[in-house]
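Notes follow the structure.
Any value given below was found using the heavy atoms of this structure, including those in side chains, with hydrogens, waters and symmetry copies removed.
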Amino acid sequence: MKSSTHEFADAGVIPNNPSLPLILYRQALAEDGTDRASAFERLFVSHGWGGTWRNGMYPFHHYHSTAHEVLGIASGTVTVQLGGETGKAMELVAGDAVLIPAGVGHKRLRSSPDLLVVGAYPVGQRWDLIRDDDVVDGVAVRARIRALEMPCEDPIEGKNGPLRTHWRR
């Protein structure tokens with residue numbers, strides 16, 4: 001598995017998270033003939049990430065101000081716009097995962113018909129959903145994002161994962 005980080009500056013209606021980079025994990029779960037969605041759920045929970053769900057990905061720009069989010073691609077492919085309109089489009093394939101810091105915008109641009117995403121949040125954090133066209137108090141949103149506690153462990157690699165290396169305040 002290879003991980004990389006991606007930083008997104010404040011984009012106005014999408015605050016992003018200039019303090020914490022997005023972490024992309026290529027082939028976080030290799031194909032081994034087992035149920036990859038269940039494997040992602042077990043992996044996330046084993047590292048202190050809960051509230052797991054299975055679905056697709058919203059086709060509109062949105063972000064969360066009250067929780068960080070990890071997404072594991074259980075099947076299919078998806079092109080995601082990260083960081084808002086001025087951000088970066090990334091192709092994700094089955095087995096990839098992405099750790100999205102609170103505030104970072106994400107939107108599905110296109111996907112294969114068999115797309116299945118597994119998501120989770122640090123235990124104790126409850127997600128909200130803010131669209132790019134919602135009217136919000138930007139100062140309050142940014143304060144909530146800055147005040148969020150750091151997750152105890154990286155959702156993919158646990159205590160020694162890249163979250164501890166790259167997420168420092």
Side-chain angles (χ1 to χ4, degrees), residues 3-26 28 37 40-41 44-45 48-94 96-151 154-156 163 166-167 169:
S3 66
S4 60
T5 60
H6 304 270
E7 297 179 2
F8 300 98
D10 192 313
V13 296
I14 302 286
N16 289 311
N17 197 322
S19 300
L20 305 176
L22 177 140
I23 302 174
L24 173 63
Y25 308 82
R26 293 288 185 192
F40 267 125
E41 290 168 339
F44 297 158
V45 168
W49 291 66
T52 62
W53 53 265
R54 296 180 185 195
N55 205 333
M57 190 178 296
Y58 292 125
F60 51 84
H61 289 289
H62 67 285
Y63 62 93
H64 311 289
S65 70
T66 56
H68 305 296
E69 181 175 45
V70 64
L71 304 177
I73 309 304
S75 65
T77 62
V78 62
T79 303
V80 183
Q81 179 75 22
L82 297 161
E85 285 297 331
T86 61
K88 182 176 189 174
M90 288 186 191
E91 178 84 12
L92 304 176
V93 301
D96 290 349
V98 61
L99 174 51
I100 304 172
V104 173
H106 44 293
K107 169 188 176 178
R108 174 180 47 85
L109 296 175
R110 61 190 158 277
S111 64
S112 62
D114 62 338
L115 176 66
L116 178 60
V117 179
V118 175
Y121 310 92
V123 170
Q125 293 184 5
R126 296 192 179 271
W127 61 273
D128 59 357
L129 181 99
I130 303 174
R131 293 176 176 231
D132 64 338
D133 59 356
D134 287 345
V135 176
V136 297
D137 178 345
V139 172
V141 162
R142 285 164 178 79
R144 278 196 307 271
I145 292 167
R146 282 191 307 275
L148 263 179
E149 288 190 30
M150 296 295 267
D154 183 282
I156 304 298
L163 179 144
H166 300 292
W167 281 25
R169 293 198 190 250

* Asked: Counting N and O atoms only, with roles assigned by atom type, does the side chain of Asp154 sit under 3.5 Å from a partner on the main chain of Leu163, one being a donor and the other an acceptor?
  -> yes

* Supply the atom-to-atom distance Arg144 CZ to Thr66 OG1, rounded to the nearest 0.5 angstrom. => 7.0 Å

* Non-hydrogen atoms of Lys107 and Pro59 that approach each other most closely -> CE-O, 3.5 Å

* Shortest non-hydrogen contact from Met57 to Leu71? -> CE-CD1, 3.7 Å

* Structure fact -> dist Thr79:OG1 -> Arg110:CZ (nearest 0.5 Å) comes out at 4.0 Å

* What are the two closest non-hydrogen atoms of Ala28 and Phe40, and how far apart are they? -> CB-CE2, 4.3 Å

* Which residues share a side chain to side chain contact (heavy atoms under 4.5 Å, CB included) with Ala102, sequence neighbours left out -> His68, Ile145, Leu148

* **Minimal non-hydrogen separation, Phe44 against Pro155, with atom names** => CD2-O, 3.7 Å

* Test salt bridge (Lys or Arg N to Asp or Glu O under 4.0 Å) applied to Arg131 - qualifying residues, sequence neighbours left out -> none

* Any donor-acceptor pair under 3.5 Å linking the side chain of Asp128 with the backbone of Ser65? -> yes

* Asked: For His62, what residues pass the ring pair (Phe, Tyr, Trp, His ring centres under 6.0 Å) criterion, not counting sequence neighbours?
  -> Tyr58, Phe60, His64, His106

* Side-chain H-bond candidate by donor/acceptor type, Glu85 with His61, under 3.5 Å -> yes

* Asked: Do Val70 and Tyr121 have side-chain heavy atoms sitting under 4.5 Å apart?
  -> no

* Structure fact -> By salt bridge (Lys or Arg N to Asp or Glu O under 4.0 Å), Glu69 pairs with (sequence neighbours left out) none

* **Rounded distance [0.5 Å steps], CG in Leu82 versus CG in Leu109** => 9.0 Å

* Asked: Any donor and acceptor pair, going by atom type alone, linking the side chain of Asn16 with main-chain N or O of Pro18 inside 3.5 Å?
  -> no

* To do: Please tell me if the side chains of Leu92 and Arg26 come closer than 4.5 Å, counting only heavy atoms from C-beta onward.
  => yes

* Nearest 0.5 Å please: distance from the CG atom of Leu115 over to the OG atom of Ser75. => 6.5 Å

Ignoring hydrogens and angles, write down the donor-acceptor pairs under 3.5 Å from the side chains of residues 4-15, residues two or more places apart or on other chains.
unit_1	atom_1	unit_2	atom_2	d
Ser4	OG	His6	NE2	3.0
His6	ND1	Lys88	NZ	3.4
Asp10	OD1	Gly12	N	2.8
Asp10	OD1	Arg142	NH2	3.0
Asp10	OD2	Arg142	NE	2.7
Asp10	OD2	Arg142	NH2	3.2

* Structure fact -> Rounded to the nearest 0.5 angstrom, the CG-CG distance for Leu99 and Leu22 is 7.0 Å

* **Exercise: identify the closest heavy-atom pair between Ala37 and Arg54** => CB-CZ, 3.5 Å

* **Under 3.5 Å donor-acceptor, Trp167 side chain and Pro21 backbone** => yes

* Structure fact -> side chain to side chain contact (heavy atoms under 4.5 Å, CB included) filter on Val136, not counting sequence neighbours, yields Tyr63, Ile130, Asp134, Val141

* To do: First locate atom CH2 of Trp53, then atom CD of Glu41, and finally report the distance between them rounded to the nearest 0.5 Å.
  => 11.0 Å

* **Minimum heavy-atom distance between Pro101 and Asn17, given as atom pair plus value** => CB-ND2, 3.8 Å

